[in-house]
Amino acid sequence: MLLDTPVARPTRAIVEPPPAPSSADDTLLSLLARNAATHARRVALRERDLGIWHEYTWRDYLDQVVALAAGLEALGFEPAEPMLVIGDNRARLYFAMLAAAALRGVPAPIYPEVPPEELAHFARERARFAIAEDQEQVDKLLELRARTGAPEYIIYDDPRGLAGYAASGLIDYETVVARGRARLKADPGLAADLIARAGPDDGAVLLHSSGTTGRPKGVLLKHRRVLAAIRNAAAADYFREGEEYVAYLPMAWIGDFVFSVGAAIALRFVVSIPEGQETVLRDLREIAPTLYFASARSWDNLLTRLQVGIDESTPLKRGLVAFFMRLAIDIERRRLAGERPRPWWNVLRGLGELVVYGPIKDHLGLGRAHRCYTAGEAIGEDTFLFFRALGLNLKQFYGQTENCALTAAQDDARVRLHTVGRALPGVEIRIDENGEVLIRAESVFDGYVDDPDATARTLVDGWLRTGDAGYLEPDGELVILGRVGEVVHTSAGERFIPNYIENRIKFSQYVRDVAVLGAGRPFLAAIVCIDMEAVGHWAQVRGVAYTSYADLSQKPEVYALVQGVLRHVNGVLPPPLRLRRFVNLHKAFDPDDGEVTRTRKLRRNVIEKRYAQIIDAIYAGASEIEFEARITYETGESGVLRRRLTIMDVGA
Amino acid sequence: MFYRLAGVRHTSYAADRALWPVPVDRWQIRALLALAVGAPFLLPDLYLTSYLLPWLVWSTAALGLNLLMGWAGQIHLGYAAVMAIGAYGAIHAVRLGIPFELALLGSGLLSAAIGLVFGFAALRVKGLYLAISTLAMQYLVDWIISHVPAISGGSQATLQAPAFRFLGVPVAGDWSRYYVALAVCVLVTSFLLNVGRTSFGRALAAVREKDFAAAVIGVNAFYFKLMAFWCSSFLGGVSGAVLAFCYYRAVTPEQFNLDVSIQAVAMVIVGGMGSVIGSYLGAALVLLAPIVLNNLVGAFARAAALPLHQEVLSHIPLILYGVLIVGFLLFEPLGLAKVYANIRNYFLVWPFRHARH
Amino acid sequence: MLSLNNVEVVYDRVFLAIKGVSLEVPEGGMVALLGANGAGKSTTLKTISGLLKPERGEVTRGEVWFKGQNIAGLPAPERVRLGIAHVLEGRRVFEHLTPDENLVAATSMHRDRRRIGALKEMVYDYFPRLKERRSVKAGYLSGGEQQMLAIGRALMTEPKLLMLDEPSLGLAPYLVEEIFGIIQRLHRDGVGILLVEQNAAAALDVVTDAYLIENGRVVMSGKAEALKQNPDIQEFYLGGSGKKDYHAVKHYRRRKRWLA
Amino acid sequence: MKKVLATLTFLAAGLAAASPGAAQDKTIKVGTALDFTAVYTFLTAEYSQGQRDYIALLNARGGIKGHPVDIMVVDTGNQPQRGIEAYERFKSEGAVLVDFLSTPVSRAVVPRALNDGINVLTMFHGRSDAADGTVFPTIFPASPSYWAQATAIIKYIEEQEKGNLKDKKIALVLIDSPFGREPIPVFEELSKRLGYKFSAFPYPSPGNEQSATWTQVRRERPDWTIIWGAGGGQPVSVREAIRNGIPIDRLASVIWLSETDMNIVGASQTKGALRFEGVAYGKDVPLIAAIEKEVIAKGKGAGPAERVGSTYYNIGVATMAVFAEGARLALEKEGGPLTPAKLKRGLESIKDYTADGLLPPLTITSEDHQGGGRGRIAAWDGAKWVPKTDWIAAHQDIVWNLIRQESAKFKNSGN
């Protein structure tokens, strides 16, 4: 009895004949009801709260959704109505999304860090209903209401700090559910009715495209679209039944909806929700997912963290890691190049698995991750090889909000660095004469909300214009070059895609962000944001004393370091496109300052405007500049900081 | 390297307080238990009876003393006397026809009762004064045992352990004695492993850290100190009885003299205060190192044909033993348990150096 | 006078306490080290005064320079001789000795009686309160008096750098003012001061420069004036922009950005 | 990490080195686990040297009936658990006889030895009641018990007082331990029989400090004083006796009083002190002379030559001589190889064995493992011990009463 400690054991993927994920008549609700009927007691959701994982079975899941839907309806929620969902990933927020969908409404998740004034852009649909995670979000919504009159009802999950609020329409989640339960009790047929009400052509979710240039556009995805996308992916063995998945990506992002809600319901994943953003890494380890999805950026950060950690380690451990990683990367490189596996690979890899790969994967919480994915932007070769060498089957895929994130994906037999894989079954890809990637599939959306012009530009003759430039290799593998609109020219007329060069620079662990300048300018230059952790450690090892990020960024040694990185990238660029000058910025790009989107894509217009002074100085040949930086705080306040920044030539 | 923590999660606070949340630890314990149960089949009798068996019994005893010293922060220099009370008590009880199981309990209770009396007297004082008071207990009990023939067993001062049955099975051979010792050891170990997780254990910890601070959070320091004396004496008595019945098979006063008390204290300190595994490691080092060193030096001297006199040869292990103990304490003042923890940490964070939290 | 260069401290071999901490106290300077509980402030001070060993801490990387000498390897008493005095958090006066005896206890390196007398008088000059209570057992002194005694005891070693760990902890506001006043006076008299404080408002009012430490790393440094204006510091360390309505405390999840 | 690995290897090596090897040839194995380092240090070195030198002599002469003897020596530090470990190891090595020269260790081992049938030689130590061979079939004191020593001393005093002990005062100064208290019943019983006035004066163990006790003794003004201790306490007793005006020639000791003790107090000052002797002293004994010639002179001695012939050296020789005689008889009667059981029967057929004058005539039977209880009284002449009596045994009825009484208790107590 002593030994049999009641610790949660890994939930095993149950071996069953693969179910048909869904049919064309299904909705998320009907599938949820199916799961609750066939796998009532299997865990569907897990949510960490105060250190403990609270579990919801499929029956609990359905029960919550139905009760909440009944409650919402009692409040007057009507079909086709949007419902704002704002906050970090929480089980109740997911329940609310499905409850809204059950009432044929449209859940509209929003990035939780969005400041109040920006919220207005997202909320132009004037939603009457909103669900908020906590006091912070409630305050934002109340401010939104003060400005626009909506939302009328604000339902909240975490009541902390809200006891004294007298605002009308502010309701505790529990209260709504209780009201719903009362209705369900009074009307035995209501539950079945609520499950059956939504049809495949009702909206499942309203998302907002990231919008690197203008305002975000509303993308409405119907049940039919989402489920088709998941069917396509499942047909390519992209997801399997019963995966363990950690829902940590922002709920407002298509990736999270497709993985944590769509695929999770269609294929009965066990979705675990971390306690908070600060604990994601630790919680990830507690879950040890079988399916893991992260942006290229996160993989890079993960690698940086690992490298710093290993660098700090004792010589023996460091030596072992260096030896086995070099070995594994070499093997992986050969394998990707198509070399046939040799027996000794397995022997050495087996030993390495025990000593190095296994422990590292365990630390990352990826010891059981059979499927690891990245998407969104190009991943660095070092990063890609490192994680594949660790034994993680890391693959790239390609997609966009408008096509439910699932367009093309690599399969095990054809994993390559520069491709994003081939079209999923059920998806047609065509490259038009301008080199733009066009898509036709059942999963493609039906148009932007309230924006017929944009819809007309994007959906042409049944094809989705992605705005990405790319080409198909002879074997059907898709290669993405960048955004069509991003091709720019220097004043000398040299054509280049800044994003392409930026990605190459960002492959260095020392660079967190970079903006490549040069459109309409005589030469290319860069504004670099260093990676605090990697550069900090680098400085520490070399005895370069520093205090803050700003201080570190301006150290001559750090300039030399960045210079080296840029020279390396210059080596692969044609001479006219080589970077000539650069500046290390005193702060990292931040979505709060509008410099990057919430998904960390550069907003060039903002950068050009904000750092005009610096950019002018770069092109004027100055060697330093006194810069007044405006900073916006998350409270909405802003301040000014005066900074002296060095501008340096990259040189040869 | 061996520790895999991914996937270890808890769905309740009860599970969160599990003894061994880490799978490797659980496997380790299972393997050790299996080895312990299978030892008679695996080990030659020599090692079973003169290494493993006394080690288990002394670990049990060290655990009892550790409860007092490590958990409750009270010193006891008369622990051998407590064990003697248990040993003599149990033997007399079995000779009077009381079943061994009851005698074992009775001997524990007797030790606990006498220990408690001394605890009362001793607990009016602290630290060094307490050490002296417990020392007095050692002398007093020694004196009484050797001067009352009714207790010590006559002019030869040896008392045979009578034949006995445990749970209905006659305990006669080395194996059955070993299993009795193992059973008691496992029971006591489980008790101590769980003490830290009970309110009793937490109260003891509070008393250990600062008794008047414990008082202001509602912990009756005096009561818990007494309880610690009581429990520790009970365990001491039981282990003394097991030592007498399963190992010595005959008791004499010399088996429980001051040296033995000092050894018990050494086991706790060298092993690590307040540590279960430390009690095992400490008992192993203090008990077995002299024997192993002796054999080692002897074998080495024979192999190398050293022209050393036996007297010199006999003292080398003692010197090495001293060096070993001082060395361990210098190397890791918190005892062998800490050495173990360091090794565990080294592998827990493998291949990194620091714990990241 | 004092400079820390990329110091990394590990406790118990595995727990990283501070990493890459660099800071500087100029000759006769007055510098504050700010930060929340557990940020690594006390560890930093102990690194300087050489008190890590008893806590199983170890400097695994970096240098500590004092007056042109790398003192990282020196034992604590050596460092006191060089002129570094550390007033520990929680005062730690010798409770069973009188203030007088406490002060004399700190002069083991002097043999000259007259010198000791002069030093004692100097301390009593700074802290007249102590003089009044010079022959009471230190354990019976009030918290503020004990703090004064702790500082006074450190002064007996004639420090060139005085490090104070949370001198205002648990003291009434008027006492905090008094102690900070004395610290300022010491500074004017030429003693370099390194002040660790949670009471950022009080600290930033007296020092010239400050470092902000978070999670064992320095995240911000600069002139006290500039830091005082920084909205992050104001929000997290100065209790918002002055007025605080405790009825309306927000349970926001804050992201600190540390822009400087 | 490396340190730990090193330690583990070290320990593993320790266990491996210590593991028993199975040697099943004609060699007879004897195990001696002695206390070289703790309490018995006052005699162990000489004792062990005598044992090994005698075995060397035996082997040089071709062993016992062609069987060489291997004597294993190990230190126990007087710790029972180390003694038990040594015993178990000897057992696994196939020892036919073991010797522990430590009362606590012997006592701890007795139950095991009785169970295993291995012979334990406990000459001049261990349980006195083990003389009862019916209760202790494999324990061989083979020497006068402390009770027998007490009777012999009284017998000597009786002779000196011309057979009249009426109203004589005899004081016993003893170490306050079971060993010290052991002879008290004998002295009390004899005082009833012979009419002397007996009083006991215990001093606390270990006996470094006895002045308080001896002040009381002086007040008592005893006619005869008997000291009952061992090791470091003995010279202290002698010195205190002299200081308190006890006539030195009326001071008698249990067997544990050696020339070393006399030299510590002062060789000439102590002239006349008496002791019980169970084994002849000096090099003049033929057996010791033979060892000197055939072993020591050839450089095969196990220790410093000057120890040869000392009290404890000779006791060591005597123990092995008794063993060898028993083994010889066993092999003669039953042939090889020698098993513990055969050796037991061999030992029990020893008859009037004197080991070339080293021992009083020794006769062991299956009932009597004491061997007759004979000894003699010797006096210190300033340089050596001079026998004052022949080998004598007295009042054996009292001795055997006690032996039977205690062995009966033992028999009732256990197994």
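Protein chains get the first letters and strands the later ones, always in sequence-line order, with residue 1 at the start of each.
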Quiz item: Does atom CZ of A:Arg318 have more than 12 heavy-atom neighbours, drawn from other residues, nucleotides or ligands, at distances under 6.0 Å?
Solution: yes
Quiz prompt | A:Glu353 versus B:Arg4, closest heavy-atom pair with distance | solution = O-NH2, 4.0 Å
Quiz prompt | Which portion of A:His363 sits near chain B, non-hydrogen atoms under 4.5 angstrom | solution = side chain
Practice problem: Supply the atom-to-atom distance B:Arg9 CZ to A:Arg282 CZ, rounded to the nearest 0.5 angstrom. | Solution: 14.5 Å
Quiz item: For the side-chain contact (heavy atoms from CB on, under 4.5 Å) test, which of A:Arg48, A:Glu55, A:His54 pairs with B:Thr11?
Solution: A:Glu55
Quiz item: Taking atom OG1 of A:Thr314 and atom OH of B:Tyr346, what is their separation to the nearest 0.5 Å?
Solution: 4.0 Å
Quiz prompt | 4.5 Å side-chain heavy-atom contact, A:Glu286 and B:Leu5 | solution = no
Quiz item: How far apart are the closest heavy atoms of A:Ile52 and B:Asp16, and which atoms are they?
Solution: CD1-CB, 4.1 Å
Quiz item: If you look at every heavy atom in A:Gly365 and B:Ala6, which pair is closest and at what distance?
Solution: CA-CB, 4.0 Å
Self-check item: Nearest non-hydrogen partners of A:Val355 and B:Trp350, listed with the distance
Solution: O-NE1, 2.5 Å
Practice problem: Kindly determine whether B:Val349 and A:Lys317 satisfy side-chain contact (heavy atoms from CB on, under 4.5 Å), including the steps that lead there. | Solution: CA-CA 10 Å; B:Val349 299; A:Lys317 291 174 177 176; 3.7 Å; yes
Quiz item: Taking C-beta and beyond as the side chain, do B:Pro351 and A:Ile360 meet within less than 4.5 Å on heavy atoms?
Solution: yes
Quiz item: Where on A:Leu281 is there a heavy atom nearer than 4.5 Å to chain B: the side chain, the backbone, both, or neither?
Solution: neither
Self-check item: From CZ (B:Arg353) to CG (A:Leu316), nearest 0.5 Å
Solution: 12.5 Å
Self-check item: Part of A:Leu284 within contact of chain B (heavy atom distance under 4.5 Å)
Solution: neither
Practice problem: Enter the distance from B:Phe352:CZ to A:Glu312:CD here, rounded to the nearest 0.5 Å. | Solution: 9.5 Å
